Structure formats: structure tokens, C-alpha cells
Amino acid sequence: MNTKIIYLVGYMGAGKTTVGERLANLLGETVYDTDKMIIEKEGCSIQDIFSRYGEEHFRHLETEILKETSMLKGVITTGGGMVLKEENRELMKSSGTVIFLECNPMVIFSRIKGDAERPLLQNKNEIEFSSLYEKRKPYYEKSAHIIIDTSNSSIDEVVSEIE
Ligand code: SKM
């Protein structure tokens, strides 16, 4: 397995960013977050990109950023929809180790509901949010070398399991 890069994939709110930062710290590596990189490069929020140019344009930017990060070394935390394109799944799998942070969508929903910076969360109730997760789950699973269930674990437990 290629461990030059550790990719964290999973649904929005699963804890990828926090786990990624702690993990990178522990390993003495740099952490890169694809959502943050897109925001910096485009100079506007993800919410703005979605509303001005649409989701498809965002997905294109996401793939471009992934290509850049695949040349780096470190921990890469990915947007919740990164696994949707086969091209992205293949690139991650061939350039690093992909870890899926599995989670219970009901638990996540209660934590992140109302977050205006998550366009795909807007106007969704708990059932719709969970059903989007169920639709995506096969893609997270397909993309991953390792699956870690985070539903009943603390951030520290997840980080030490990965370590
Ligand atoms: O990448 C962002 C964006 O809001 C889309 C997304 C998704 O499709 O689940 C998750 C976020 O990380």
C-alpha cells in the first residue's frame, strides 16, 4: 500500500477535518483539505461556487485540486462528494492509502444541521440527509483501502486506530 499520502474520505460532518489535523500532527506530516484549497484558489465560499456556477462546476474544480494534491505527501482530507467520480476514486487509490470514516448520518445531522456553508445540507431533513448518505456509501466503500466506523468512537480513538 502506498502511504505517501493518506486520504480521508467520508460524508460531510464525519470528522475528516479534525481527524486529519490530529493525524498529520501525530505523523509530523502536512494536512491538505481539498475544500479549503478550492476556497483559497477561487477566492469565494463553496456555497457561492454552488449558487453561482452550479454543482458540476464545483466537481470539476474538485478533480483539478485532487490532481494537484496527488503529487504531494501528507494527509489529505477530501470533500464529502470526492468519491462520486470514478476518475477521483482511481486517482486516490493509486496515489495513496484511502481511509473511509464511516458514520451514522443521524448522529451527524444533529451536529451539523443549520450549517450555511454546506450547500448539500440546505433544505434537507434528517431522512433526506440519511438517504443521500446511503446512496453514497457504496462509493465511499469502493474508494477505500480501509474502513473505520467512527459512530461510537472519539476523535482520539479514531486517530490511534489509523496510526
Ligand atoms: O465539498 C463540500 C461540498 O459542500 C460538497 C460536499 C458533498 O457533496 O458532500 C461536501 C463538502 O465537503
Side-chain angles (χ1 to χ4, degrees), residues 4-27 29-93 95-105 107-124 128-130 132-133 135-137 139-144 146-148 150 155 158-159 162:
K4 182 176 80 86
I5 300 176
I6 295 175
Y7 292 101
L8 297 182
V9 302
Y11 205 31
M12 59 189 109
K16 295 175 300 247
T17 305
T18 319
V19 170
E21 280 166 6
R22 297 254 190 105
L23 185 66
N25 223 331
L26 198 73
L27 301 175
E29 295 284 356
T30 308
V31 64
Y32 303 92
D33 181 275
T34 59
D35 282 343
K36 285 188 192 149
M37 289 172 81
I38 293 171
I39 293 168
E40 268 165 35
K41 201 166 174 180
E42 299 303 304
C44 64
S45 70
I46 291 180
Q47 179 67 50
D48 283 345
I49 299 172
F50 266 72
S51 55
R52 285 187 208 158
Y53 310 108
E55 178 171 350
E56 207 179 319
H57 179 67
F58 175 77
R59 298 297 172 204
H60 167 74
L61 297 175
E62 199 168 44
T63 299
E64 292 308 302
I65 285 290
L66 183 65
K67 286 181 189 157
E68 285 177 30
T69 58
S70 69
M71 320 273 197
L72 303 170
K73 180 177 180 298
V75 176
I76 298 175
T77 59
T78 62
M82 185 65 89
V83 299
L84 296 177
K85 281 161 90 175
E86 188 179 2
E87 179 187 1
N88 296 352
R89 294 196 298 271
E90 282 176 2
L91 181 54
M92 289 191 284
K93 230 172 176 170
S95 59
T97 298
V98 186
I99 302 175
F100 166 31
L101 299 186
E102 194 178 7
C103 59
N104 177 337
V107 173
I108 298 185
F109 187 79
S110 59
R111 212 169 48 214
I112 66 171
K113 66 178 170 209
D115 183 345
E117 279 306 311
R118 299 178 190 269
L120 294 181
L121 177 64
Q122 308 313 310
N123 307 319
K124 275 196 185 51
E128 291 159 337
F129 183 77
S130 298
L132 181 61
Y133 176 72
K135 272 195 210 128
R136 286 182 171 188
K137 204 172 165 194
Y139 297 102
Y140 294 128
E141 288 171 341
K142 246 196 267 192
S143 74
I146 299 167
I147 299 176
I148 296 184
T150 64
I155 296 287
V158 175
V159 172
I162 297 175

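What you see is a predicted model, and the numbers here were worked out from it, not measured in a lab.
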Heavy-atom closest pair, residues Ile5 and Ser70: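 That would be CD1-O, 3.5 Å.
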
Looking only at heavy atoms, which two atoms of Thr30 and Ala24 are closest? And how far apart?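 Shortest heavy-atom contact: C-CB, 4.1 Å.
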
Checking Met12 against Phe129 for the side-chain contact (heavy atoms from CB on, under 4.5 Å) test, could you report, in this order, the C-alpha distance in whole Å, the side-chain angles of both residues, the deciding distance, and whether it holds? CA-CA 10 Å; Met12 59 189 109; Phe129 183 77; 3.9 Å; yes

Given Val159 and Ile162, is the side-chain contact (heavy atoms from CB on, under 4.5 Å) satisfied, shown in steps? CA-CA 5 Å; Val159 172; Ile162 297 175; 5.8 Å; no

First locate atom [atom1] of [X], then atom [atom2] of [Y], and finally report the distance between them rounded to the nearest 0.5 Å.
X	Y	atom1	atom2	result
Glu62	Asn88	CD	CG	6.5 Å
Thr78	Met37	OG1	CE	12.5 Å
Ile146	Leu8	CD1	CG	10.0 Å
Ile39	Ile49	CD1	CD1	7.0 Å
Lys67	Glu64	NZ	CD	4.0 Å
Thr150	Ile108	OG1	CD1	6.5 Å

Using only heavy-atom distances, determine whether the side chains of Ser95 and Tyr7 contain a donor-acceptor pair under 3.5 Å.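 Distance-only check passes for Ser95 and Tyr7.
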
Looking at [X] and [Y], would you say the former's side chain and the latter's main chain have a donor-acceptor pair under 3.5 Å?
X	Y	result
Thr34	Gly79	yes
Gln122	Gly114	no
Lys16	Gly10	yes
Lys4	Gly96	no
Tyr11	Arg136	no

Parallel under 30°, tilted from 30 to 60°, perpendicular over 60°: which one fits the rings of Phe100 and Tyr140? parallel

Answer whether the closest heavy-atom distance between the side chains of [X] and [Y] falls below 4.5 Å.
X	Y	answer
Ile38	Phe58	yes
Glu102	Tyr133	yes
Asp33	Thr17	yes
Asn25	Glu21	no

Is the shortest distance from a Lys or Arg side-chain nitrogen in Lys93 or Glu90 to a carboxylate oxygen in the other one below 4.0 Å?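 Glu90 and Lys93: not salt-bridged.
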
Under the rule for side chain to side chain donor-acceptor pair (under 3.5 Å), what residues qualify as partners of Lys113, not counting sequence neighbours? none

Could you list the residues that satisfy salt bridge (Lys or Arg N to Asp or Glu O under 4.0 Å) with Glu55, not counting sequence neighbours?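 Applying salt bridge (Lys or Arg N to Asp or Glu O under 4.0 Å) to Glu55 gives Arg59.
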
Verdict with supporting geometry, Phe50 and Arg118, side-chain contact (heavy atoms from CB on, under 4.5 Å): CA-CA 10 Å; Phe50 266 72; Arg118 299 178 190 269; over 6 Å; no

Does Tyr139, at its OH atom, have more than 12 non-hydrogen atoms belonging to other residues, nucleotides or ligands within less than 6.0 Å? no

Are there more than 12 heavy atoms of other residues, nucleotides or ligands under 6.0 Å from atom CD of Glu68?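 Yes.
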
Could you please spell out the steps behind the side-chain contact (heavy atoms from CB on, under 4.5 Å) verdict for Ser143 and Met82? CA-CA 10 Å; Ser143 74; Met82 185 65 89; over 6 Å; no

Of Lys137, Arg89, Glu86, the one forming a side-chain contact (heavy atoms from CB on, under 4.5 Å) with Lys142 is Arg89

